[in-house]
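This report refers to the structure that appears directly beneath it.
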Amino acid sequence: MYFSGKIEFGVINQSVSAFNHILGDFSLIVYQFQALSAFSAVIDRLGEFDDVLDSNSKKGDQDSKEKIQLNFCLISSSNGLHSNGSMPLSKRVKLLHVEHLTVQTPSEATLIKDLSFEIFEKDHLLVTGPSGSGKTSLLRVIAGLWSFGNGAITVYVRPRGDLEMLHSPDVVSYQVTSTNETIGDSTGRRNFEGVIFLPQKPYMVLGTLRQQLLYPTWTEDSDNLSDDAKQSDSVPFLMRARDARCVNERSKKPTSEDLLQVLNDVSLGHLLSRFDGLDSTHEWSSVLSLGEQQRLAFGRLLLSKPTLALLDESTSALDEANEARLYQLIQAAGITYISIGHRRTLYKYHKKVLHVSTADSTSTQQNWSFKDVEEDPIYDFSKQ
């Protein structure tokens with residue numbers, strides 16, 4: 001057509017351009033096939049996850065009477081002290097009351113049968129037993145993270161920094177259940193200086209070393225961040241201090257000096273020189289060993305000073321010297337704790353022991369024993 005004079009030479013270039021454009025449009029699916037497949041897979045998983053949440057929510061509404069009841073009670077400082085400052089036995093502060101608790105798996109297999117015990121202030125409890133006997137599930141039930149089974153748990157906590165509680169009645173009761181909380185929204189119970197759960201593998205937030213220590217009790221306000229931290233890729237939800245309901249406004253936020261002191265206390269002072277200070281940002285779950293992560297979690301515990309700490313093998317990656325130091329630190333801080341562990345050395349840091357054995361589905365007998373550490377024949381104190 002060009003040599004016969006029907007079209008000009010420029011039309012050839014226009015035709016090639018139009019052909020390439022149409023070819024690219026038709027090849028879009030081929031070129032983006034991997035991205036489209038990944039996007040489709042994510043949408044499918046989110047859809048299935050949403051369906052499961054909806055079905056569990058409906059099932060929970062129908063079977064709410066069968067769920068474990070978790071109660072939180074506010075307590076004030078007791079004025080019933082002896083002249084020497086000691087507290088009479090009748091005035092000991094109760095922190096935890098477990099009544100006829102049966103813990104089950106989602107498939108309704110029984111882990112712990114008809115468990116009942118009480119924990120008072122500084123009655124540190126060690127939970128022992130074989131793997132799979134339900135030790136971790138028990139701690140999750142107390143923390144409100146597990147609801148399969150029946151029974152009742154009452155946790156007595158103090159409001160963080162509320163001085164007006166000194167003039168209030170001794171106990172003001174609020175109730176929440178593990179499936180339908182009645183204290184505000186899902187973060188309602190975290191307004192109290194109550195329970196902190198430390199898993200074996202601590203959660204490392206995406207942010208600075210400062211934010212690692214302040215999590216989860218305090219959040220970073222962007223107004224208080226240094227210029228370097230403001231320019232870093234900090235996660236927005238870690239900087240909502242003004243709107244965060246999970247922190248009482250009267251609680252005192254630790255200073256930089258407090259953070260430095262805690263790092264030294266848990267033998268992590270070397271991180272400051274290793275990572276250029278408190279406001280450096282790294283992938284902490286990758287750059288820190290499991291032992292360092294566990295010590296960092298204890299640093300969070302020392303800063304927040306909860307009424308009750310639940311330690312799920314939280315020192316499993318540490319040597320005995322570091323383990324002893326951490327337990328001595330939280331004892332000195334006045335924190336009452338419940339620990340899961342297998343080491344015999346843990347007995348010396350606890351006053352009570354709860355031994356859980358593997359449940360026998362054919363037996364109706366209790367599969368647990370609760371006693372003072374001195375009465376436990378498993379541990380020989382003469383060998384300390």
Side-chain angles (χ1 to χ4, degrees), residues 72 74-75 95-96 139-140 142-145 155-163 165 174 176 181 183-199 201-225 229 234-266 268 271 278-279 281 284-285 288 293-312 314 326 329-338:
F72 283 81
L74 298 182
I75 58 176
L95 298 183
L96 179 66
L139 259 63
R140 290 175 178 172
I142 298 174
L145 305 175
V155 181
Y156 300 88
V157 294
R158 296 183 179 89
R160 181 181 296 277
D162 194 348
L163 299 179
M165 284 298 296
Y174 292 84
V176 299
E181 299 181 7
I183 300 181
D185 57 11
S186 61
T187 63
R189 66 167 175 260
R190 298 183 182 90
N191 287 329
F192 309 118
E193 189 180 75
V195 181
I196 284 187
F197 184 87
L198 263 63
K201 179 73 169 64
Y203 174 65
M204 296 286 107
V205 301
L206 300 178
T208 64
L209 182 58
R210 184 190 304 273
Q211 291 168 332
Q212 297 297 327
L213 291 167
L214 296 177
Y215 175 87
T217 308
W218 296 274
T219 53
E220 281 281 23
D221 192 343
S222 58
D223 294 338
N224 297 330
L225 289 175
S234 298
V235 181
F237 71 80
L238 293 175
M239 299 185 293
R240 298 184 305 180
R242 292 181 179 178
D243 298 327
R245 296 187 57 189
C246 61
V247 180
N248 192 301
E249 292 181 356
R250 299 185 183 184
S251 61
K252 182 179 179 181
K253 188 175 180 179
T255 63
S256 296
E257 289 75 14
D258 295 331
L259 301 183
L260 296 177
Q261 181 60 49
V262 165
L263 283 177
N264 289 324
D265 289 341
V266 298
L268 289 179
L271 295 183
L278 291 171
D279 294 317
T281 302
W284 300 104
S285 59
L288 297 180
Q293 293 178 42
Q294 290 184 346
R295 280 180 280 167
L296 187 61
F298 270 84
R300 298 170 177 172
L301 190 62
L302 292 171
L303 288 169
S304 57
K305 295 182 180 179
T307 305
L308 184 65
L310 307 177
L311 313 178
D312 183 11
S314 300
L326 293 179
L329 285 171
I330 60 177
Q331 283 182 354
I335 301 172
T336 303
Y337 50 84
I338 300 177

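Note that the coordinates shown come from a computational prediction; the quantities given were computed from them, not determined experimentally.
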### Message
For the CG atom of L139 and the CG atom of L310, what is their distance to the nearest 0.5 Å?
### Response
4.5 Å
### Message
Test your reading of the model: is there a side-chain donor-acceptor pair from Q212 to the backbone of V205, 3.5 Å cut-off?
### Response
yes
### Message
I'd like to check the side chain to side chain donor-acceptor pair (under 3.5 Å) partners of N264; sequence neighbours left out, ordered by chain and number.
### Response
none
### Query
Is a side-chain N or O of Q293 found less than 3.5 angstrom from the main chain of L288, in a donor-acceptor match?
yes
### CD on Q294 to CG on L198, rounded to 0.5 Å
9.0 Å
### Query
Aromatic ring centroids of F72 and Y156 under 6.0 Å?
no
## Note on the structure
So CG of L260 and OG1 of T255: to nearest 0.5 Å the spacing works out to 8.0 Å
### Message
Would you say that V195 contacts P306 through its side chain, given a criterion of any heavy-atom pair below 4.5 Å between the two side chains?
### Response
no
#### Entry: Those residues that, when tested against R140, pass side-chain contact (heavy atoms from CB on, under 4.5 Å) (two or more places apart)
T136, L145, W146, F197
### Message
To the closest 0.5 Å, what do you measure between CG (L271) and CG (L213)?
### Response
9.0 Å
### Task
Check P199 against S314 and note the closest heavy-atom contact, atom names and distance.
O-OG, 3.9 Å
### Message
Less than 4.5 Å apart, side chain to side chain, heavy atoms only: is that true for T217 and R300?
### Response
no
### Query
Does the side chain of L209 reach to within under 4.5 Å of the side chain of L259, using non-hydrogen atoms?
no
### Query
Given L206 and W284, is the side-chain contact (heavy atoms from CB on, under 4.5 Å) satisfied, shown in steps?
CA-CA 8 Å; L206 300 178; W284 300 104; over 6 Å; no
### Query
Can you name the nearest heavy-atom pair linking S304 to W218, along with the distance?
CA-CH2, 3.8 Å
### Summary
For A333 and L302, the nearest pair of non-hydrogen atoms, with its separation, is CB-CD2, 4.2 Å
### Query
Distance from L308 atom CG to I335 atom CD1, nearest 0.5 Å?
10.0 Å
### Query
Heavy-atom distance under 4.5 Å between the side chains of L263 and D265, does that happen here?
no
### Task
Hey, could you give me the OH/OG distance between Y203 and S285, rounded to the nearest 0.5 Å?
9.0 Å
#### Entry: Test item: L329 and F298 side chains (from C-beta on) under 4.5 Å apart, heavy atoms
no
### Message
Restricting to side-chain contact (heavy atoms from CB on, under 4.5 Å), what partner residues turn up for Q331, sequence neighbours left out?
### Response
H124, Y337, Y349
### Message
Could you report the tightest heavy-atom contact between V266 and G299, atom names first, then the distance?
### Response
CG1-N, 4.0 Å
### pair T208-L278: side-chain heavy atoms closer than 4.5 Å
no
### Validation row: L95, T307 side chains within 4.5 angstrom (heavy atoms)
yes
### Heavy-atom side-chain contact between I338 and L96 under 4.5 Å
yes
